[in-house]
Each structure stands twice: as structure tokens, then as C-alpha cells.
Amino acid sequence: MEENTEMTYTQAVTELEQLVLKMQDPQCSIDHLTAYTQRSKQLLDICRKKLTAADEQLKQILAGIQDKN
């Protein structure tokens with residue numbers, strides 16, 4: 001499972017949701033659990049970066065609107 005920084009926020013969240021379901025399965029082995037946890041961290045990092053970038057862009061947009069008023 002390779003990190004894909006071109007992944008959208010929605011794709012990352014969807015994959016995270018799927019991983020949670022797999023981890024909740026009683027048949028999930030420890031080996032898989034470790035891999036799923038590692039992938040979840042990668043996906044959370046992608047989400048965090050995208051949310052931070054969106055927050056910065058929104059702040060800039062709102063600052064531009066306020067400057068014009």
C-alpha cells in the first residue's frame with residue numbers, strides 16, 4: 001500500500017472508512033491489522049495536509065474579502 005499524495009480528501013476518507021470496517025472484522029489477523037494501521041496513518045496525513053491547505057486558502061480568501069470592504 002503506497003502513499004498517493006494525488007489522492008483527494010474524499011478518496012482518503014473513503015479508504016479510511018473501509019479500513020476501519022476491515023479492522024473491526026473478528027477475522028482480521030494481527031499482520032493485517034498492522035498493515036491497515038500503517039495505511040490509516042498515511043491516509044490521515046493526507047487528510048491533515050489537505051485540510052490545512054484548505055484552511056489557509058480560505059483564510060486568504062476571507063482576508064481578501066475583508067480588505068475590499
Side-chain angles (χ1 to χ4, degrees):
M1 289 184 251
E2 190 174 302
E3 182 176 356
N4 179 0
T5 55
E6 298 301 317
M7 178 177 271
T8 67
Y9 177 84
T10 302
Q11 290 170 327
V13 169
T14 299
E15 187 175 339
L16 273 169
E17 290 169 344
Q18 292 169 353
L19 286 172
V20 168
L21 292 174
K22 289 179 182 180
M23 288 189 277
Q24 291 174 334
D25 185 337
Q27 300 299 319
C28 181
S29 72
I30 292 297
D31 295 326
H32 285 119
L33 184 60
T34 301
Y36 295 156
T37 302
Q38 289 173 343
R39 180 61 179 160
S40 294
K41 185 198 177 306
Q42 292 172 340
L43 292 166
L44 287 169
D45 288 342
I46 291 170
C47 290
R48 186 176 297 111
K49 287 176 188 174
K50 292 197 176 284
L51 286 170
T52 300
D55 182 53
E56 289 301 317
Q57 289 176 345
L58 289 171
K59 286 178 183 176
Q60 290 175 0
I61 291 167
L62 292 174
I65 291 170
Q66 289 176 353
D67 290 343
K68 291 181 181 180
N69 290 331

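Everything numeric in this text was worked out from a predicted model, so none of it was measured.
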Exercise. Applying side chain to side chain contact (heavy atoms under 4.5 Å, CB included), name anything that partners L44, two or more places apart in sequence or on another chain.
Key: L16

Practice problem: Measure the CG-SG distance between L21 and C28 for me, rounded to the nearest 0.5 Å. | Solution: 11.5 Å

Practice problem: Could you pull out all residues at least two apart from S29 that satisfy side-chain hydrogen bond (donor to acceptor under 3.5 Å, both in side chains)? | Solution: H32

Practice problem: To the nearest 0.5 Å, tell me how far M23 CE sits from Y36 OH. | Solution: 9.0 Å

Quiz item: Of all residues at least two apart in sequence or in a different chain, which pass the side chain to side chain contact (heavy atoms under 4.5 Å, CB included) check with I30?
Solution: L33, T34

Quiz item: Quick one: salt bridge (charged side-chain N to carboxylate O under 4.0 Å, His left out) partners of D55, sequence neighbours excluded?
Solution: K59

Quiz item: Under the 4.5 Å side-chain heavy-atom rule for ILVMFWY, direct or indirect, which residues accompany V13?
Solution: Y9, L51

Quiz item: Rounded to the nearest 0.5 Å, what separation is found between the CD atom of E15 and the CG atom of L43?
Solution: 4.5 Å

Exercise. Considering non-hydrogen atoms only, spot the tightest contact between M7 and K50 and give its length.
Key: O-CE, 2.6 Å

Quiz item: Who are the salt bridge (charged side-chain N to carboxylate O under 4.0 Å, His left out) partners of K41, not counting sequence neighbours?
Solution: D45

Quiz prompt | Separation of C47 SG from K49 NZ (nearest 0.5 Å) | solution = 11.5 Å

